[in-house]
Amino acid sequence: MRKKENLNEIYNILYSHYGPRYWWPADTPFEVIVGAILTQNTNWKNVEKAIRNLKLAGYLDIRKISKIRKDGLEELIKPSGFYRQKAERLQNFCRLLLNEYGSIENMFRERPGDLRNKLLSQKGIGPETADSILLYAGNFPFFVIDSYTKRVFDRLGFRINDNYEDIRNFFESNIPKNVGIYKEYHALIVEFAKDFCRKRPLCEKCPLKKKCSYNRFH
DNA sequence: ACCCAGGTGGCCC
DNA sequence: GGGCCACATGGG
C-alpha cells in the first residue's frame, strides 16, 4: 500500500478526465438494491435487460417480488444470468426486508454498522453488494471494492492484499469521509478500468500513465 | 471456440 | 485463512 496523497491525487486526475459519472444508474433505492444483486459477476448490459423486464411487467416492486412465483421471477431476470440463485436470493431478501423493517426507508434508519452485518448475513449478499446498497441506496460512507478496484490499483503499483475489508479500510482511511466522493471514486475506477486496464493498446492515452507500474514494460 | 462480465457461497484442507 | 468450483446469460 502507498501513501494517502496518491489516492486523492488519482481521484482528482480521474475526475478531471471523466467528469461526474452520476452513479448509481437507477431511479429508486430499491432499483439500486435489485441492480446490486443482479450485477454480481455479470455484464451491466444484461442487468439492464432484466431490470427493464421487471419494470415493463410492473414487478420492480418489493411487495410484488416477495409474492411472485419463483419461476415467474426467474423468467423476468433471466438475461442477468445465474437467474435461479438470483431469483431465490432476491426474493428472500425482499421478504426479509418487509418482515424485519417494513420498508426501505425504515431499513436505512438502522445503525449503519448493524445494518451492514444484517445485509452480510443474507445469503447472496456479500461485502461488495452490501456496500453498494449502503452507499448508493442508503447514502452511508462505505467504500465499494470490486474486481476493477483491485486490478487498477494493482497495476498502479499499490501492493494490495486480497482481503476485502483491508482494502476498504485502506481507501476509507486515506480519502475524505464523504459519501459523494465515495460514490464518484468507485464509479471513476470502473470507468477507467474499462478503458485502460483491459486493452493494452490504449495505454498511450491513459490519464494515469505516469503512475502505472506497467509502463516499465512498454 | 473461446473469454469475459460492477460476486457469492459451499466445500476442502 | 486460502484454493477451487458451480452458478448462466449475452457480447466480443
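Worth saying up front: this structure is predicted, and the values here are computed from it rather than measured.
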Exercise for review: Check whether any side-chain nitrogen or oxygen of A:Y83 sits under 4.0 Å from OP1 or OP2 of C:dT9, and answer yes or no.
Suggested key: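 So the side-chain polar atoms of A:Y83 do come within 4.0 Å of the phosphate oxygens OP1 or OP2 of C:dT9, strictly under.
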Point to revise | Partners passing ring pair (Phe, Tyr, Trp, His ring centres under 6.0 Å) against A:W24 (at least two apart in sequence or in another chain) | key: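 So A:W24 forms a ring pair (Phe, Tyr, Trp, His ring centres under 6.0 Å) with A:W44, A:Y136.
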Check your understanding: Does the ring centre of A:F171 sit less than 6.0 Å away from the ring centre of A:F153?
Key ->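 Ring-ring flag for A:F153/A:F171: true, centres closer than 6.0 Å.
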**Study point:** Minimum heavy-atom distance between A:P141 and A:L135, given as atom pair plus value
**Key:**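 In this case the closest contact between A:P141 and A:L135 is CA-CD1, 4.5 Å.
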Point to revise | Least distance between heavy atoms, A:F142 atom then A:E172 atom | key: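 Scanning both residues, the minimum pair turns out to be CA-OE2, 3.3 Å.
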Practice item. Group every Ile, Leu, Val, Met, Phe, Trp and Tyr by side-chain heavy-atom contacts under 4.5 Å, then state whether A:F82 and A:I65 land in the same group. Key: no
Point to revise | Toward the 5' end of DNA chain C, by each residue's nearest nucleotide, A:S80 or A:N163 | key: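 Residue closer to the 5' terminus by nearest nucleotide: A:N163.
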Review point. Does the distance from a Lys or Arg side-chain N to an Asp or Glu carboxylate O, for A:K118 and A:E100, drop under 4.0 Å?
Key: yes
Point to revise | Charged N-O contact under 4.0 Å between A:E191 and A:R21 | key: yes
Practice item. Take nucleotides 7-13 of chain B nucleotide by nucleotide from the 5' end and write B, S or -, depending on whether a protein heavy atom sits under 4.0 Å from the base, only from the sugar-phosphate, or from neither. Key: BSSS---
Just the rounded figure in Å: distance from [atom2] of [N] to [atom1] of [X].
X: A:L76; N: C:dT9; atom1: CG; atom2: C1'; value: 15 Å
X: A:W44; N: B:dC4; atom1: CH2; atom2: C1'; value: 18 Å
X: A:N53; N: C:dT9; atom1: CG; atom2: P; value: 14 Å

Practice item. Check every strand shown and say whether A:R151 touches a base, only sugar-phosphate, or nothing at a heavy-atom separation below 4.0 Å. Key: sugar-phosphate
Practice item. Would you please test A:D131 and A:Y164 for side-chain hydrogen bond (donor to acceptor under 3.5 Å, both in side chains) and show each step? Key: CA-CA 11 Å; A:D131 290 334; A:Y164 186 96; 2.7 Å; yes
Point to revise | Interatomic distance at P, B:dA1 relative to C:dA8, whole Å | key: 22 Å
Which atom pairs link the protein and nucleotides 10-12 of chain C when you take only N or O atoms and keep those under 3.5 Å?
| residue | atom | partner | partner atom | Å |
| --- | --- | --- | --- | --- |
| C:dG10 | O4' | A:N46 | OD1 | 3.2 |
| C:dG10 | O4' | A:N46 | ND2 | 3.0 |
| C:dG10 | O3' | A:K49 | NZ | 3.0 |
| C:dG11 | OP1 | A:K49 | NZ | 2.7 |

